[in-house]
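Note sheet for the following structure.
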Amino acid sequence: MNKIKRYYFKEIDSTNEFAKKISKETSQDILIVSEKQTAGKGRMGRSFYSPEGGIYMSLLLHPDTTKNPLDITVMASVAVSGTIESLLGVKAYIKWVNDIYVDNKKVCGILTEGSFNTEKKAFDYAVLGVGINLFRPKGGFPDDIKSIAGSLTETGKAGLKERLIDVFLENFFEIYNGGRDYMTEYKARSNVLGKNIEYIKNGIKYKAKAVDILNSGELLVETENGMQTLNSGEIKICTESII
Ligand code: BTN
């Protein structure tokens, strides 16, 4: 079992917020896990539905100067999808940049936050937040997300949650410490490459084709006006041909 210091909560507002709070008091890497969150945070100011039955965890990290914010997110996506596959025997795909899909449903979201020191070009600290919809929530998912969200399994299997956390930590730290060609894995798990997509940049909607994922984690897309690289935001996969 990974030796990282751990905090466990029955309930918390947000494990990411807790990690940010304690970042001021420690230079250690720490794992925070909660059984549910009352104010789970998603990307782009959205909330993350966090009832009992899911895994809500944040890693407080102190990355070296070789890592940028996108790297951590990409590494975590590879670690989570590999963990899901090995423990649940289902194929897990990555929708750029960091949503994990099983059977066309989003089963995991990742939110990396932190304090990036632009002068030092390094993190003061980073918080990697991972939310996995493990068991089906009682009463199902709320209306606004029920067409997108899915859970990994219907009912509780003893020890599965703990095992998922431990295997995720093994996978993540192996990648984080330089032990794996994670970009090759990331691309192999992509459900976006070669697909027609839509994205919004500076308030304008563009149609494009996803061509490649660069080592930086950026998405290379072909548009009517040539190649573009995307480094943040959200894309939509389209079924009809666009360009
Ligand atoms: C997203 O899909 O928009 C990202 C969701 C990230 C959710 C996780 S759950 C653990 C951690 N604590 C939070 O408040 N958010 C992240």
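We count ligands from 1, going down the list as the structure has it; atoms in each ligand are counted the same way. Predicted model only: the values in this text are computed from it and were never measured.
When each atom of ligand 1 is checked for a heavy atom of G42 under 4.0 Å away, the hits are 1 (C), 3 (O), 4 (C), 5 (C). Which parts of ligand 1 touch N16 is read off a 4.0 Å heavy-atom cut-off, strictly below it: atoms 11 (C), 12 (N), 16 (C). The L111 neighbourhood of ligand 1 comprises atoms 6 (C), with distances under 4.0 Å to a heavy atom of that residue. Using a 4.0 Å cut-off to heavy atoms of G40, the atoms of ligand 1 that qualify are 14 (O).
Between E218 and L70, some side-chain heavy-atom pair lies under the 4.5 Å cut-off. Side chains of L61 and I72 form a contact here, defined as non-hydrogen atoms less than 4.5 Å apart.
Polar contact check, Y56 against ligand 1: no nitrogen or oxygen pair lies under 3.5 Å apart. At a 3.5 angstrom cut-off on N or O pairs, K106 counts as close to ligand 1.
Only the backbone of I110 comes within contact range of ligand 1, with a heavy atom under 4.0 Å; no side-chain atom does. Contacts of S58 with ligand 1, taken as heavy-atom pairs under 4.0 Å, involve the side chain alone.
Here the closest non-hydrogen pair linking K187 and L193 is O-CD1, 4.0 Å. Considering all non-hydrogen atoms of both residues, E85 and V90 come closest at CG-O, 2.6 Å. The shortest non-hydrogen separation linking T38 to D13 is OG1-CA, 3.2 Å.
For atom 8 (C) of ligand 1, the closest non-hydrogen atom on the protein side is G131 N, 3.6 Å. Here the protein heavy atom with the shortest distance to atom 10 (C) of ligand 1 is T15 OG1, 3.3 Å. Among all non-hydrogen protein atoms, the one lying nearest atom 5 (C) of ligand 1 is F48 CD1, 3.4 Å. Shortest contact from atom 6 (C) of ligand 1 to any protein heavy atom: K41 O, 3.5 Å. Atom 3 (O) of ligand 1 has its closest protein heavy atom at R43 N, 2.7 Å. Nearest non-hydrogen protein atom to atom 9 (S) of ligand 1 is Q37 NE2, 3.4 Å.
A cation-pi arrangement, defined by a distance under 6.0 Å to the six-membered ring centre and an angle within 45 degrees of its axis, is present between K91 and Y93.
Residue contacts with ligand 1 leave out R46, since none of its heavy atoms falls under 4.0 Å from the ligand.
Using cut-offs of 30° and 60° for the angle between ring planes, the F48 and Y56 rings count as perpendicular. Ring pair F172/F168 is parallel by interplanar angle, where below 30° counts as parallel and above 60° as perpendicular.
No side-chain donor-acceptor contact under 3.5 Å links N16 and S14.
Under 4.0 Å is where a charged nitrogen must lie from a carboxylate oxygen, and between D29 and R6 no such pair does.
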